[in-house]
Amino acid sequence: MEKQEIIELKPIDFRTARITIVGDGDIVLNKMNDVTARQLTDQRKSKAKKIEEVNMWEEIITAMHWKYGKPTDYSEEGLRQALHDNAPCITAFGMKKSFGDAVVRNEIDKYKTKFDASLNIVEDLIPIHFAEHFIDEKLMSPKKGSPVLVRLNRFSGWSATFTIRYVNGGTYSLEQIINIINLAGFGMGIGSGRTSGYGKYHVENVE
């Protein structure tokens, strides 16, 4: 009779923690807006260049991720209402990537693979709370063509709370994870304009 090998599966001890970060300066949220995306799509499809009257409020509103979905009222009042009733967001993907980059940059590990496997951010989009919102106009020089005017969403007095799921007794303890998040906030920040010093933060609270 063939001997059967019994494999005992030990449950993995997953834990969660709610982490609140607070900005040490302003944050800029800026992704490719719908107007630019349409123009690039038309170029790729070699469509005849049509003159589109650009709605600046569509550019501003669609340059951000929103907690409750993209607003549809592309006007100044629509933006004001969205900022009040909806919430601009940081992506969890970008946030977690910055944590992993901090692991390598600060020589905690040669690669970020182990850290990436140690935790997940539960939310896909992380809403920010803020005191004030500003629209900054800036001339940007693309690789080809003449400079273009872009409008950037900048927030002051901001904070964000998100949930992480991590392995208790894993490669990284909760204390180490918090330290890495602080290193990411101090050294790199989050959002756009990080090379100009925007998006720096620190951990304010852990539950």
Side-chain angles (χ1 to χ4, degrees), residues 18-37 54-71 73-103 105-106 121 123-142 147-164 177-206:
R18 292 276 289 166
I19 297 170
T20 298
I21 57 173
V22 172
D24 294 322
D26 294 355
I27 187 172
V28 174
L29 299 182
N30 182 52
K31 69 176 184 69
M32 184 183 290
N33 63 62
D34 286 5
V35 175
T36 303
V54 175
N55 181 343
M56 65 173 276
W57 299 110
E58 182 182 6
E59 287 183 315
I60 293 164
I61 291 168
T62 62
M64 292 183 280
H65 295 280
W66 294 90
K67 181 180 180 181
Y68 301 116
K70 190 172 18 179
D73 181 357
Y74 300 142
S75 66
E76 186 175 4
E77 179 56 34
L79 173 62
R80 190 180 296 114
Q81 187 174 345
L83 290 171
H84 184 270
D85 299 332
N86 206 329
C89 295
I90 303 163
T91 66
F93 174 81
M95 182 71 83
K96 186 179 176 182
K97 182 179 182 301
S98 74
F99 299 163
D101 291 343
V103 167
R105 183 176 290 191
N106 290 278
I121 297 176
E123 303 88 350
D124 290 327
L125 294 173
I126 302 164
I128 66 165
H129 303 278
F130 58 92
E132 289 186 276
H133 170 251
F134 305 92
I135 299 167
D136 294 341
E137 294 191 339
K138 191 176 180 182
L139 275 174
M140 303 282 283
S141 297
V148 291
L149 181 68
V150 295
R151 297 176 178 91
L152 304 173
N153 291 285
R154 177 168 57 87
F155 299 88
S156 64
W158 68 278
S159 64
T161 300
F162 56 94
T163 309
I164 64 165
I177 291 168
I178 300 305
N179 285 336
I180 288 165
I181 294 173
N182 271 323
L183 286 170
F186 174 78
M188 289 175 289
I190 195 71
S192 297
R194 294 189 299 275
T195 54
S196 301
Y198 290 119
K200 298 287 195 292
Y201 62 84
H202 66 274
V203 175
E204 182 81 0
N205 189 52
V206 181

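Index from 1, following the sequence.
Taking the side chain as every heavy atom from C-beta outward, Trp57 and Ile135 approach each other to under 4.5 Å. Side chains of Leu149 and Glu137 form a contact here, defined as non-hydrogen atoms less than 4.5 Å apart. With contacts defined as side-chain heavy-atom distances shorter than 4.5 Å, the pair Phe130/Asp26 does not qualify. By the 4.5 Å heavy-atom criterion applied to side chains, Phe162 and Ile21 are counted as neighbours. The side-chain heavy atoms of Tyr198 and Ile27, taken from C-beta on, include no pair separated by under 4.5 Å. Between Asn30 and Asn153, every side-chain heavy-atom pair lies at or beyond the 4.5 Å cut-off. You'll find the side chain of Glu132 stays beyond 4.5 Å of the side chain of Phe155, heavy atoms only. Within the 4.5 Å cutoff, the side chain of Ile126 has heavy atoms near those of the Ile121 side chain.
Taking CG of Asn33 as the reference point, atom CE of Met56 lies at 12.0 Å (rounded to 0.5 Å). Rounded to the nearest 0.5 Å, atoms CD1 (Ile90) and CE (Met95) are 4.0 Å apart. A distance of 7.5 Å separates CG in Asn182 from CD1 in Ile178, rounded to the nearest 0.5 Å. Atom-to-atom distance recorded for Leu152:CG and Ile60:CD1 is 9.5 Å, nearest 0.5 angstrom.
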message: Between His202 and Val22, does the side chain to side chain contact (heavy atoms under 4.5 Å, CB included) criterion hold? Intermediate values first, please.
response: CA-CA 6 Å; His202 66 274; Val22 172; 4.1 Å; yes
Q.
Applying side chain to side chain contact (heavy atoms under 4.5 Å, CB included) to Ile19 and Val203, what does each step give before you reach the verdict?
A. CA-CA 7 Å; Ile19 297 170; Val203 175; 4.0 Å; yes
Starting from the C-alpha separation in whole Å, work towards a yes-or-no answer on side chain to side chain contact (heavy atoms under 4.5 Å, CB included) for Arg105 and Met188. CA-CA 10 Å; Arg105 183 176 290 191; Met188 289 175 289; 3.2 Å; yes
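Other residues, nucleotides and ligands contribute over 12 non-hydrogen atoms within 6.0 Å of the CG atom of Asp85. Residue Lys31 places its NZ atom among more than 12 non-hydrogen atoms of other residues, nucleotides or ligands, all under 6.0 Å distant. Heavy atoms of other residues, nucleotides or ligands lying less than 6.0 angstrom from CZ of Phe134 number more than 12.
Between the side chain of Glu123 and the backbone N or O of Thr163, at least one donor-acceptor pair lies under 3.5 Å. At distances below 3.5 Å, at least one donor-acceptor pair connects side-chain atoms of Asn55 with backbone N or O atoms of Tyr74. Using a distance-only test at 3.5 Å, with no hydrogens or angles considered, a donor-acceptor pair links the side chain of Thr62 to the main chain of Glu58.
The nearest pair of heavy atoms linking Ala160 to Ile128 is CB-CG2, 4.2 Å. The shortest heavy-atom contact between Gly69 and Asn86 is O-ND2, 3.0 Å. Minimum interatomic distance between Gly197 and Lys200 (heavy atoms only, all atoms of both residues): O-CG, 3.7 Å. Across all their heavy atoms, Lys70 and Asp34 have their closest contact at NZ-OD2, 2.7 Å. Of all heavy-atom pairs between Ser75 and Asp73, the closest is OG-OD1, 2.8 Å. In this structure, Cys89 and Lys67 approach most closely via the heavy-atom pair SG-N, 3.4 Å.
A donor-acceptor contact closer than 3.5 angstrom is absent between the side chains of Glu204 and Ser159. For the residue pair Asp101 / Ser98, no side-chain donor-acceptor distance below 3.5 Å is found, with atom types taken as modelled.
The aromatic rings of Tyr201 and Trp158 stand perpendicular to each other, their planes meeting at an angle above 60°, with 30° marking the opposite boundary.
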